[in-house]
Amino acid sequence: QVQLAESGGGLVQAGGSLRLSCAASGRTFSRYTMGWFRQAPEKEREFVAAIAWSGDSTFYADSVKGRFTIARDNGKNTVYLQMNSLKPEDTAVYYCNAGLALLGTRVVRQGDYWGQGTQVTVSS
């Protein structure tokens, strides 16, 4: 069992930055591929970024590549999402996910564990 808790969301102007954190409980955190997803109002949840258990492989949606950076600290059981050059279309609830599976850069299975989400609002 893994429990996830996101933090760091908020309101920011376009062009600004935010850093999201996802704190995990459970001794098996370091075994999981970790990811971030987001869901905007009236839209499907979409993949944002993922990081392998070792931290040496990262994957990004095309819409955030070059602007967002995912990282993890297995010693602190925490995964981060640094978001720079934010745009109004980045506005969404951002969710942390543990245990997702990717084939290349495509998510083939979402993980079983989710956080409660944190709201990110980017004003124009």
State yes or no: do Trp114 and Val107 share one hydrophobic cluster built from I, L, V, M, F, W and Y residues joined by side-chain heavy-atom distances below 4.5 Å, directly or via other members?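 Linked within one cluster.
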
Hey, any chance Val122 and Tyr95 share a hydrophobic cluster, counting ILVMFWY side chains that come within less than 4.5 Å of each other, even indirectly?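 In one cluster: no.
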
Using 30° and 60° as the class limits, which term best fits the ring planes of Phe68 and Tyr94: parallel, tilted or perpendicular? tilted

Can you find a pair of side-chain heavy atoms, one from [X] and one from [Y], that are under 4.5 Å apart?
{"X": "Trp36", "Y": "Cys22", "value": "yes"}
{"X": "Thr69", "Y": "Tyr60", "value": "yes"}
{"X": "Val2", "Y": "Thr28", "value": "yes"}

Under the rule for side chain to side chain contact (heavy atoms under 4.5 Å, CB included), what residues qualify as partners of [X], not counting sequence neighbours?
{"X": "Gln3", "result": "Ser25"}
{"X": "Ala40", "result": "Lys43, Ala92"}
{"X": "Ser54", "result": "Ala52, Asp56"}
{"X": "Asp62", "result": "Lys65"}

I would like to know whether Leu20 and Thr118 meet side chain to side chain contact (heavy atoms under 4.5 Å, CB included); could you show each step before the answer? CA-CA 8 Å; Leu20 305 183; Thr118 186; 4.0 Å; yes

For [X] and [Y], which heavy atoms make the closest approach, and how far apart are they?
{"X": "Val48", "Y": "Val64", "value": "O-CG2, 3.5 Å"}
{"X": "Ala49", "Y": "Leu81", "value": "CB-CD1, 4.1 Å"}
{"X": "Ala24", "Y": "Phe29", "value": "CB-CD1, 3.3 Å"}
{"X": "Leu100", "Y": "Ala50", "value": "CD1-CB, 4.0 Å"}

Could you work out, with ring pair (Phe, Tyr, Trp, His ring centres under 6.0 Å) as the rule, every residue matching Phe47, not counting sequence neighbours?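 Applying ring pair (Phe, Tyr, Trp, His ring centres under 6.0 Å) to Phe47 gives Phe37.
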
For residues 5-18, please give each side-chain donor-acceptor pair under 3.5 Å, one per line with the distance, not counting sequence neighbours.
from: Glu6; atom 1: OE1; to: Gln116; atom 2: N; distance (Å): 3.0
from: Glu6; atom 1: OE1; to: Gly117; atom 2: N; distance (Å): 2.9
from: Glu6; atom 1: OE2; to: Cys96; atom 2: N; distance (Å): 2.7
from: Glu6; atom 1: OE2; to: Gly117; atom 2: N; distance (Å): 3.3
from: Ser17; atom 1: OG; to: Asn84; atom 2: OD1; distance (Å): 2.9

State which residues pass salt bridge (Lys or Arg N to Asp or Glu O under 4.0 Å) with Arg38; sequence neighbours excluded, sorted by chain then number. Glu46, Asp90

What residues form a side chain to side chain donor-acceptor pair (under 3.5 Å) with Arg19, not counting sequence neighbours? none

Tell me every residue that passes side chain to side chain donor-acceptor pair (under 3.5 Å) with Thr121, counting only those two or more places apart in sequence or in another chain. Gln119

Inter- and intrachain pairs under side-chain hydrogen bond (donor to acceptor under 3.5 Å, both in side chains), touching residues 96-106, at least two apart: none

After noting the C-alpha distance and the side-chain angles of Met83 and Val120, does the key distance pass the side chain to side chain contact (heavy atoms under 4.5 Å, CB included) rule? CA-CA 10 Å; Met83 306 186 295; Val120 171; 3.8 Å; yes

Under a side-chain separation threshold of 4.5 Å, the hydrophobic residues clustered together with Tyr80 are none

Fellow cluster residues of Val108, listed by chain then number, with links counted only when side-chain atoms sit under 4.5 Å apart: Leu103

Take atom CH2 of Trp53 as the centre, draw a 6.0 Å sphere, and report whether it contains more than 12 heavy atoms from other residues, nucleotides or ligands. no

Flag, side chain of Thr78 to backbone of Lys76, donor-acceptor distance under 3.5 Å: yes

Checking Arg67 side chain against Gln82 main chain: does a donor-acceptor pair fall under 3.5 Å?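 Flag not set: sc Arg67 to bb Gln82 has no pair under 3.5 Å.
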
In Å, rounded to the nearest 0.5 Å, how long is the span from [atom1] of [X] to [atom2] of [Y]?
{"X": "Ser57", "Y": "Leu102", "atom1": "OG", "atom2": "CG", "answer": "10.0 Å"}
{"X": "Gln1", "Y": "Asp112", "atom1": "CD", "atom2": "CG", "answer": "9.0 Å"}
{"X": "Arg72", "Y": "Tyr32", "atom1": "CZ", "atom2": "OH", "answer": "11.0 Å"}
{"X": "Arg31", "Y": "Asn74", "atom1": "CZ", "atom2": "CG", "answer": "12.0 Å"}

